[in-house]
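Read the structure below first, then the notes.
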There are 2 protein chains.
Amino acid sequence: MATRRDVARLAGVSPSTVSRVLNDNGYVADDVRKRVRQAIQELNYVPNRLARSLRMQQSRQVACITPSISNSFYLEIVAGIEETALAHDYTFSLYSLTYEKREYLDVVLSGFYDGMILLAPYEMEKIVPLSELAGRLPVSLYCDRERHPDLPHVYVDLRRAMRECTEHLISLGHRRIVFMGYQFSRPAQNPRYLGYQDALEANGIPLDESLTRLFPDHQDTLTCGYQTVCDLLDRGRSFTAICATNDLIAVGAMRALVEHGLRVPDDVSLTGVDDLEIASLVTPTLSTIRIPKRQIGSVLMEQMLAQIHGDAAAPRAVEVSTTLVLRESVKSCLPSEL
Amino acid sequence: MATRRDVARLAGVSPSTVSRVLNDNGYVADDVRKRVRQAIQELNYVPNRLARSLRMQQSRQVACITPSISNSFYLEIVAGIEETALAHDYTFSLYSLTYEKREYLDVVLSGFYDGMILLAPYEMEKIVPLSELAGRLPVSLYCDRERHPDLPHVYVDLRRAMRECTEHLISLGHRRIVFMGYQFSRPAQNPRYLGYQDALEANGIPLDESLTRLFPDHQDTLTCGYQTVCDLLDRGRSFTAICATNDLIAVGAMRALVEHGLRVPDDVSLTGVDDLEIASLVTPTLSTIRIPKRQIGSVLMEQMLAQIHGDAAAPRAVEVSTTLVLRESVKSCLPSEL
DNA sequence: TTGCGTATGCAAAACGATTTTCGATAGCCC
DNA sequence: GGGCTATCGAAAATCGTTTTGCATACGCAA
């Protein structure tokens, strides 16, 4: 690889002058500038980022750690991160570290990165306290469960979103609405579940625990949705709508319903959360709460940049708003509308 | 950040000794070793990868360039890459460069990476000749269209796969089989289309061009599948099966069929390619040609490592094999089986 | 002639590590 | 005591860049 020295030699100037041209500081005559540029072109010279980073003590690179690399939800966020990063001449590396070994984090902390963006680091913080990481490197989080008031983060208000969603179903006449999803650590801290309860309470509908289906974390989403609905139906159909806490669960549920000869939405209305691509691919298309994934990524990166640049005005917490997307899977069950 | 010097000071030894401990060379007494390790722990010392990379002239980092970051097909490959990379203490960065600006590539060529893995770089090579890149950095490709005999690459034999798939449909009694997919640059070089033709020819079925639907590249996959089937049905149904060149097209097709009151597979059999997650999520589940995405990623990374380490025995081309996955969307149309 | 702004070269330090060489101590055995 | 091995420190070179200070020009105006 050509170095700055080679360029200087070819252009007949000193290395310092090449630097002056490259970094646009100091005086440099037009013809010299031209000669240097030409030499750069001729040698395909690209300044060595390693050396520059070492000297400048910043790499213009951030690490992004996601729970799962093949989860399209997080990947959309990552896409947003990449877009914004590139626009600011930043590069990013993607990790889906298995957190069993804490040592894996060393690779991230070894000077290669100016900061790290953590997506849903719930598993991770069981191994490493996030505050410890934040003490080493600028950190920016996306979290949809517990929030981290002390660390910069981006979040969505899923409690409110789920309340709106449930209330929409209620407004369509549904009274017996199933809630199904992961239980997270404690149901009482599950914002989605709380939103569901909020809606019931606000509309004077008593909470029927037999309609609540929380399954343990770390299980296959699709199977959970499928199996849970099968279980429910085995006891006789006692509901007219289902709120699933994500689209994949909803798709699994949809499959179970169809296999039991029930029609969506005619017999059962169904909603998800996330608005993955699949939500508009299934038949019927799935009503869901859209989480603006790309925007989240973009905001995360901007928050990261603000930290790196030391902007005191950088917001510690940014809320991005969700949208209730109504598609085919939801229908009124009021007789008047038939 | 703590440096090697800090560790040395705390342990009461010289920086060289710390190096000796870290890199396990030279003599070092056991108690000294212990003291040094303790100091490392205490200071949370992690050797600076920038400095090390600069000195060693290798970063143990590879760049991976994918056409689209939110395409789950490529992302599964990326997952395979990451897994293998991590297992070898390598790191990787993910790029979905917009190739309009060739300069974007400079960031990859600036010494940060020991090599680059290119996924389906068809757009890319219109801007930059791949051989030029390969001259700068070890390169490893995944390609499912034209192959690059001069560059290390991993590929699948989609011609054979599609032939098998089509022949399976033929063996089930189907004679009027639609082929639909992107046309790529030239249909005559589209391995999927060639495989389809191979199957027809081998079974003495004349090619009916009215059953071939090639749409231009760079269009929305889903819409293409949907729209194409709508067009076909507008002219009357003259087919009993559809081979789509990927799962998303197939899902779009499925939706169009259902909306026209046709049942899959009872009225029309349908197959895809890729075996994305969605293939087993839709109803009916989609028969498809499975491409071993994770394995491809793994092999790509291994091929890259072999190049970096200068293994002369490194294979220039590796074929990974596909599998025909039969699910619900395919059914015999032979009267005898009814 | 002096002084100043412009233009460039040269040299050196710094970033943090690796690697090698050269010494300086030890202790041990014969 | 000579020679060997084990153990460690000190120092230098190197990777390629940035940054700074200093020296050296030239041209032009005071």
Side-chain angles (χ1 to χ4, degrees), chain A residues 1-37 39-40 43-61 89 91 106-107 109-114 136-137, chain B residues 1-37 39-40 43-61 89 91 106-107 109-114 136-137:
Chain A
M1 264 225 321
T3 73
R4 207 188 43 162
R5 178 184 240 98
D6 300 325
V7 174
R9 202 157 29 213
L10 181 62
V13 298
S14 84
S16 338
T17 307
V18 179
S19 272
R20 281 194 259 261
V21 172
L22 247 24
N23 303 332
D24 237 3
N25 54 9
Y27 300 109
V28 66
D30 276 349
D31 60 324
V32 173
R33 190 185 303 272
K34 206 177 291 179
R35 253 186 12 246
V36 171
R37 290 206 188 286
I40 288 176
L43 293 172
N44 271 326
Y45 169 74
V46 182
N48 187 307
R49 264 177 84 197
L50 285 174
R52 165 181 263 145
S53 301
L54 179 60
R55 175 58 225 251
M56 305 285 277
Q57 293 293 78
Q58 62 153 317
S59 62
R60 295 188 85 82
Q61 194 170 229
D89 270 321
T91 285
D106 278 356
V107 84
L109 297 171
S110 58
F112 247 60
Y113 304 106
D114 291 342
R136 305 261 231 130
L137 223 53
Chain B
M1 266 228 318
T3 74
R4 207 189 40 163
R5 177 184 242 99
D6 299 325
V7 175
R9 202 158 26 215
L10 182 61
V13 299
S14 82
S16 336
T17 306
V18 179
S19 271
R20 280 193 260 261
V21 172
L22 248 24
N23 304 329
D24 236 4
N25 54 10
Y27 299 108
V28 66
D30 276 349
D31 60 322
V32 174
R33 192 185 302 272
K34 206 177 290 180
R35 248 179 26 240
V36 170
R37 290 206 189 287
I40 288 175
L43 291 172
N44 272 325
Y45 168 74
V46 182
N48 188 307
R49 264 177 84 197
L50 286 174
R52 168 182 259 146
S53 301
L54 180 59
R55 173 62 225 253
M56 306 286 276
Q57 293 293 79
Q58 62 153 318
S59 61
R60 294 188 85 82
Q61 193 170 229
D89 271 321
T91 286
D106 278 356
V107 86
L109 298 170
S110 57
F112 247 62
Y113 304 107
D114 292 343
R136 305 260 231 132
L137 223 53

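Labels below follow one simple rule: chain letters A, B, ... track the order of the sequence lines, proteins then strands, and each chain is numbered from 1.
Remark: B:Thr3, B:Arg4 in residues 2-12 of chain B come within less than 4.0 Å of DNA chain C through at least one heavy atom. Within a heavy-atom distance below 4.0 Å of DNA chain D, the residues of residues 47-54 of chain A found are A:Pro47, A:Asn48, A:Ala51, A:Arg52.
The B:Ser16 side chain lies nearest to D:dA10 when the options are C:dC15, D:dA10, D:dC15. Set against C:dT18, D:dT7, D:dG16, the side chain of B:Ser19 has C:dT18 as its closest nucleotide.
Along DNA chain D, the nucleotide closest to B:Tyr27 and the one closest to B:Arg55 are compared, and the more 5′ of them pairs with B:Tyr27.
Whole-Å rounding puts the B:Ile40 CD1 to C:dA17 P distance at 10 Å. Nucleotide D:dC8 holds its C1' atom 13 Å from the CZ atom of B:Arg33, rounded to whole Å. Between the C1' atom of D:dT20 and the CG atom of A:Asn23 lies a distance of 14 Å, rounded to the nearest Å. A:Met56 places its CE atom 13 Å from the P atom of D:dT17, with the value rounded to the nearest Å. The separation between A:Leu43 atom CG and D:dG16 atom C1' is 15 Å, rounded to whole Å.
Partners of A:Arg20 by side chain to side chain donor-acceptor pair (under 3.5 Å), not counting sequence neighbours: none found. Taking A:Asn48 as the reference, nothing meets the side chain to side chain donor-acceptor pair (under 3.5 Å) condition, with sequence neighbours excluded. For B:Gln58, the side-chain contact (heavy atoms from CB on, under 4.5 Å) criterion is met by B:Met56, B:Arg60, B:Tyr90, B:Asp114, not counting sequence neighbours. A search for side-chain contact (heavy atoms from CB on, under 4.5 Å) contacts involving A:Val32 returns A:Val13, A:Thr17, A:Val28, A:Ala29, A:Arg35, A:Val36, not counting sequence neighbours. Every residue two or more places apart in sequence or in another chain that forms a side-chain contact (heavy atoms from CB on, under 4.5 Å) with B:Arg4 is listed here: B:Pro15, B:Val18, B:Ser19, B:Tyr45. Partners of A:Arg33 by side chain to side chain donor-acceptor pair (under 3.5 Å), not counting sequence neighbours, listed by chain and number: A:Asp24. Every residue was checked against the side chain to side chain donor-acceptor pair (under 3.5 Å) condition with A:Ser110, not counting sequence neighbours, and none meets it.
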Enumerate all atom pairs, one protein N or O and one N or O from nucleotides 21-24 of chain C, separated by less than 3.5 Å.
none

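Contact between the side-chain N/O atoms of B:Tyr45 and the OP1/OP2 oxygens of C:dG16 is not found at any separation under 4.0 Å. In terms of phosphate contacts, B:Gln57 brings a side-chain nitrogen or oxygen within less than 4.0 Å of OP1 or OP2 of D:dG16.
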Verdict with reasoning, B:Leu22 to B:Ile40, per side-chain contact (heavy atoms from CB on, under 4.5 Å): CA-CA 10 Å; B:Leu22 248 24; B:Ile40 288 175; 3.5 Å; yes
Taking only distance into account, with no hydrogens and no angle test, what donor-acceptor pairs under 3.5 Å do side-chain atoms of residues 5-12 of chain B form with protein atoms, sequence neighbours excluded?
residue: B:Asp6; atom: OD1; partner: B:Arg9; partner atom: NH2; Å: 2.9
residue: B:Asp6; atom: OD2; partner: B:Thr3; partner atom: N; Å: 2.9

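Rounded to the nearest 0.5 angstrom, A:Arg49 CZ and B:Asp106 CG are separated by 11.0 Å.
Shortest non-hydrogen contact noted between B:Ser59 and B:Phe112 is OG-O, 2.7 Å.
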